[in-house]
Amino acid sequence: MPTSSASTTDSARSATGGVQSLERAFDLLERMADAGGEVGLSELSASSGLPLPTIHRLMRTLVACGYVRQQPNRRYALGPRLIRLGESASRLLGTWARPHLARLVEETGETANMALLDGDEIVYVAQVPSKHSMRMFTEVGRRVLPHSTGVGKALLADFPADEVRALLGRTGMPAATDKTITTPDGFIAALEDVRRQGYAIDDNEQEIGVRCLAVSVPDSPTAAAISISGPAGRVTETATERMVPLLQQVAAELSEALLASNGNPAA
């Protein structure tokens, strides 16, 4: 029967035991995000390997649900309903991170942050402040450009150089202080230092008198980094030697917690 056949096709189980059409739809959304948020059907077909009729059917469903919208030029863009999901997920991610950030504050005495790469910007999603009267404060939800922050360097360190240059071309590289890196070549060199050292530094580049140490969260479901920030007089070279191993350990533990939170229905 036609109905039965269609149901079998749309609800076919994937190799992971999930529903294949759902996996394909989420894969298309992620491919759209990777492409900058707007693509054509032929581009999605080429990158995913799916036939055009299948992609068209999935996109039509996503459009009807508000997760994708069709542009006047017939290309498809990520839809507004994803914003609500993203904001809720970011808040939850921050909630999961706070106990780990609190440990950083307890053991270093400095403010701890968590940040994500959202499009071309860095957005702070969680913070636990230092108990010192002189401390750093970054409002949760604040957005900054990556080139002047430790978390920005940590998040972009593993990106291909051409993608980093393209991002910098879109954002520009305005100087927040006289220490800010303002050339693509200088920033690419700084990312090489991050990969070599295993951590990133913002040394008076976002705000004079402030140093920040940051590492990425390995295998995070979305690109994330955590950091310690404080007055340059306290976050010294000697303190860095003590703080960085702790940062790396906490990042690994946070990664495990995030991966565990995804669950495994087949387990």
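- Between Glu43 and Arg75 there is a salt bridge, with a side-chain nitrogen of the basic residue lying less than 4.0 Å from a carboxylate oxygen of the acidic one.
- Checked by atom type and distance alone, the side chain of Thr108 pairs as donor or acceptor with a backbone atom of Leu104 at under 3.5 Å.
- Using modelled atom types, no side-chain atom of Ser216 and backbone atom of Leu155 make a donor-acceptor pair closer than 3.5 Å.
- Defined by atom type and a distance below 3.5 Å, a donor-acceptor pair is missing between the side-chain atoms of Gln206 and Thr149.
- Gly152 approaches Ile122 most closely through the heavy-atom pair CA-CD1, 3.7 Å.
- Side-chain N or O atoms of Thr180 include one that pairs as donor or acceptor with a backbone N or O of Glu205 at under 3.5 Å.
- No donor-acceptor pair closer than 3.5 Å links the side chain of Ser255 to the backbone N or O of Val217.
- Taking the charged nitrogens against the carboxylate oxygens, Arg211 and Glu237 do have a contact shorter than 4.0 Å, which makes a salt bridge.
- The minimum heavy-atom distance between Ala224 and Leu116, with the atom names listed, is CB-CD2, 3.5 Å.
- Of all heavy-atom pairs between Leu29 and Tyr67, the closest is CD2-O, 4.1 Å.
- Nearest approach of Ser21 to Leu58, heavy atoms of both residues: O-CD2, 3.8 Å.
- Side-chain contact between Asp193 and Lys153: absent, with no pair of heavy atoms (C-beta onward) separated by less than 4.5 Å.
- Between His147 and Pro174, the closest heavy-atom pair is NE2-O, 2.8 Å.
- With rounding to the nearest 0.5 Å, the separation of CZ in Arg69 from CD in Glu38 is 7.5 Å.
- Under the 3.5 Å distance criterion, the side-chain polar atoms of Arg195 are matched with a main-chain donor or acceptor of Ala157.
- When side chains are defined from C-beta on, Val68 counts as touching Met32, because their heavy atoms get closer than 4.5 Å.
- By the neighbour-count criterion of 12 heavy atoms within 6.0 Å, atom CD of Gln197 is densely surrounded, having more than that number from other residues, nucleotides or ligands.
- In summary, Lys179 and Asp203 do not engage in a salt bridge, as defined by a charged side-chain N under 4.0 Å from a carboxylate O.
- Of the possible donor and acceptor atoms, none in the side chain of Arg234 sits under 3.5 Å from a partner among the backbone N and O of Glu110.
- Electrostatic pairing of Arg196 and Glu192 does not count as a salt bridge here, judged by no charged N lying under 4.0 Å from a carboxylate O.
- Side-chain contact between Leu50 and Leu44 is absent, with no heavy atoms from C-beta onward closer than 4.5 Å.
- Between the side chain of Thr236 and the backbone N or O of Ala239, at least one donor-acceptor pair lies under 3.5 Å.
- Minimum heavy-atom separation, Ala154 to Val215: CB-C, 3.9 Å.
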